[in-house]
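Take a look at the following structure, please.
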Amino acid sequence: MTAHRVNAGSPLLSVSDLKIQIRMDAGTLAAVDGVDFEIKKGKTLGLVGESGCGKSLTSRAIIAINPKECETSGSIRFQSASESSAQPVDLLKLDPTGRPIRSIRGKKISMIFQEPMTAFSPMYSIGNQIVEAILTHRTKNKAEAKRIALDMLRKVGISDEEKRFEQFPHEFSGGMRQRAMIAMSLSCNPELLIADEPTTALDVTIQAQVLELMKQLQQEFGMAILLVTHDLGIIAEMCDEVAVMYLGKIVEQSTVKEIFNNPKHPYTKGLLHSMPKLGRKHARLESIEGTVPLALDMPPMCGFYDRCKERMPGLCDQQAVPVTRVSPDHTVRCFLYDEKGEEVERHAKADSAGQPLDEAL
């Protein structure tokens with residue numbers, strides 16, 4: 001399967017049929033199962049879904065930092081803007097510990113981790129760790145590296161940067177550690193920034209400041225962003241395109257405007273309906289009933305079947321669901337739409353026992 005194409009133009013990153021499997025005593029866990037997406041230069045793609053759907057494993061596969069237990073296949077092609085004349089590099093074919101991937105990881109593709117307290121080493125000062133990244137990828141001059149680090153700390157809004165440079169991670173608040181992580185991630189002017197739940201542990205005021213900071217720095221450096229989150233409010237604020245992920249698969253993908261105004265997949269609709277809305281103070285929020293099944297030796301069927309209010313017995317639970325293009329910039333993985341992208345006549349469907357769908361539900 002080829003990667004989804006939302007807009008014309010050469011992508012910076014193209015992920016195609018990405019699969020990540022984990023062998024367990026009870027069977028094979030399909031943590032990521034055939035993921036396809038593209039990220040355009042200077043654009044922001046939001047990868048959204050609930051915990052355990054495979055978002056973080058997908059993002060970490062890009063820079064080859066998943067555990068050795070993860071068996072990864074497919075392709076992740078990276079086309080550096082500084083080497084536009086060269087052929088794209090398939091990152092999955094590179095040795096995870098080799099020099100080629102290390103020349104990309106941290107320099108051309110950088111990452112903001114979900115919890116900066118565990119991402120920073122407690123044994124070294126914040127400044128020392130930022131300088132180390134700069135010395136590895138940008139300059140061998142220690143004085144210049146320190147100047148760049150201090151400038152980045154200043155850019156991310158850390159005051160008294162000379163003092164903070166010498167302090168250790170435990171001396172920073174959660175918001176300051178997140179800002180320091182952003183400073184380190186951007187210190188080498190990456191072409192792609194992967195932000196894995198960058199505001200999860202922060203209060204709403206600091207969240208807004210961090211998101212605004214990321215947008216400002218994106219405009220300044222012209223980088224692309226892969227934003228991994230479960231928060232649709234952040235998606236609406238930050239992203240150009242959205243990929244909705246469920247049980248290791250991307251079930252819907254389009255522009256932010258299209259996803260919010262014209263969602264197709266029942267899971268996407270459920271996520272949107274569960275968001276609080278202005279003017280509906282006393283209205284009850286809808287919820288998606290049930291729990292995410294364990295992707296352990298699953299048969300070919302829709303992973304959302306047991307929780308879906310629009311399921312079609314005898315179809316959705318009997319075969320793998322193909323990707324359907326419902327419009328030039330909108331794809332969905334659901335049997336509710338035919339190969340022309342039109343909604344099927346659900347009342348004409350019957351389950352395996354010949355029962356009308358409305359009665360079956």
Side-chain angles (χ1 to χ4, degrees), residues 4 6 33-37 45-55 227-293 295 301-317 319-349 351 357-361:
H4 301 160
V6 178
D33 191 10
V35 162
D36 305 280
F37 62 83
L45 171 69
L47 190 59
V48 63
E50 55 194 296
S51 298
C53 70
K55 304 186 305 296
L227 180 60
V228 179
T229 183
H230 61 270
D231 191 327
L232 286 172
I234 293 176
I235 291 291
E237 175 72 18
M238 292 287 295
C239 298
D240 302 295
E241 302 164 11
V242 188
V244 181
M245 199 168 180
Y246 185 82
L247 202 64
K249 298 179 183 289
I250 290 180
V251 297
E252 187 166 5
Q253 183 172 357
S254 188
T255 61
V256 167
K257 183 177 180 180
E258 180 71 7
I259 289 290
F260 277 79
N261 293 334
N262 190 25
K264 297 294 186 183
H265 198 280
Y267 177 62
T268 309
K269 294 176 184 178
L271 290 178
L272 292 171
H273 290 159
S274 67
M275 294 178 64
K277 295 179 175 60
L278 291 174
R280 297 177 58 187
K281 182 168 60 174
H282 301 293
R284 290 179 62 87
L285 295 177
E286 294 187 25
S287 62
I288 302 175
E289 297 182 358
T291 58
V292 181
M301 62 179 290
C302 175
F304 192 59
Y305 178 79
D306 291 336
R307 308 176 71 188
C308 184
K309 296 180 180 179
E310 301 181 70
R311 62 182 179 267
M312 294 180 282
L315 179 61
C316 302
D317 58 343
Q319 54 186 294
V321 188
V323 175
T324 300
R325 188 171 296 279
V326 294
S327 69
D329 62 350
H330 195 163
T331 58
V332 63
R333 189 186 293 269
C334 186
F335 281 122
L336 291 174
Y337 307 90
D338 60 23
E339 64 275 1
K340 295 181 181 179
E342 299 176 354
E343 191 166 359
V344 299
E345 293 291 333
R346 294 178 64 246
H347 65 272
K349 299 288 182 182
D351 68 4
L357 177 64
D358 292 338
E359 294 179 15
L361 296 180

Checklist entry - For the atom pair CD1 (Ile250) and NZ (Lys55), what is the distance rounded to the nearest 0.5 Å? => result 12.0 Å
Item to check | Separation between NE2 of His230 and CD1 of Ile235, rounded to the nearest 0.5 Å | outcome: 10.5 Å
Checklist entry - Taking atom CG of Asp36 and atom CD of Gln253, what is their separation to the nearest 0.5 Å? => result 8.5 Å
Checklist entry - Just wondering, do Val244 and His265 contact through their side chains at under 4.5 Å, heavy atoms? => result no
Next on the checklist: Minimum heavy-atom separation for Cys334 and Pro266, please, with both atom names.
Outcome noted: SG-CD, 3.9 Å
Checklist entry - Is the backbone of Glu258 close enough, under 3.5 Å, to the side chain of Asn261 for a donor and an acceptor to pair up by distance? => result no
Checklist entry - Between Pro293 and Gly303, which heavy-atom pair has the shortest distance, and what is it? => result CG-O, 3.7 Å
Next on the checklist: Contact between Glu241 and Asp329 at the side-chain level, heavy atoms closer than 4.5 Å - yes or no?
Outcome noted: no
Checklist entry - So, the side chain of Arg333 versus the backbone of Val323: is there a donor-acceptor pair under 3.5 Å, distance only? => result no
Checklist entry - Just by distance, do the side chain of Glu252 and the backbone of Pro263 share a donor-acceptor pair under 3.5 Å? => result no
Checklist entry - Can you tell me if Arg307 uses its side chain to pair, donor with acceptor, with the backbone of Ile288 under 3.5 Å? => result yes
Next on the checklist: Taking the side chain as everything from C-beta on, heavy atoms only, tell me whether Phe304 gets closer than 4.5 Å to Val251.
Outcome noted: no
Checklist entry - When you measure from the side chain of His330 to the backbone N and O of Val326, does any donor-acceptor pair fall under 3.5 Å? => result no
Checklist outcome for this item: Note: Phe260 and Ala236 closest approach over all heavy atoms is CZ-CB, 3.7 Å
Checklist entry - Roughly how far, to the nearest 0.5 Å, is the CZ atom of Arg311 from the SG atom of Cys316? => result 9.5 Å
Checklist entry - Going from CG on Leu315 to OH on Tyr305, what distance comes out if it is rounded to the nearest 0.5 angstrom? => result 9.5 Å
Checklist entry - Do Lys264 and Leu336 come close enough that some side-chain heavy atom pair is under 4.5 Å? => result no
Checklist entry - Is there side-chain contact between Thr268 and Tyr246, with at least one heavy-atom pair below 4.5 Å? => result no
Next on the checklist: Could you check whether any side-chain heavy atom of Tyr267 comes within less than 4.5 Å of a side-chain heavy atom of Cys308, counting everything from C-beta outward?
Outcome noted: no
Next on the checklist: Given 3.5 Å as the limit, does a donor-acceptor pair link the side chain of Thr229 with the main chain of Val48, or not?
Outcome noted: no
Checklist entry - Looking at Gln319 and Phe335, what are the two nearest heavy atoms and their distance? => result CG-CZ, 3.5 Å
Checklist outcome for this item: Residues Cys302 and Val321: closest non-hydrogen pair is CB-CG2, 3.6 Å
Checklist outcome for this item: Nearest heavy-atom approach of Leu45 to Ala243 is CD1-N, 4.1 Å
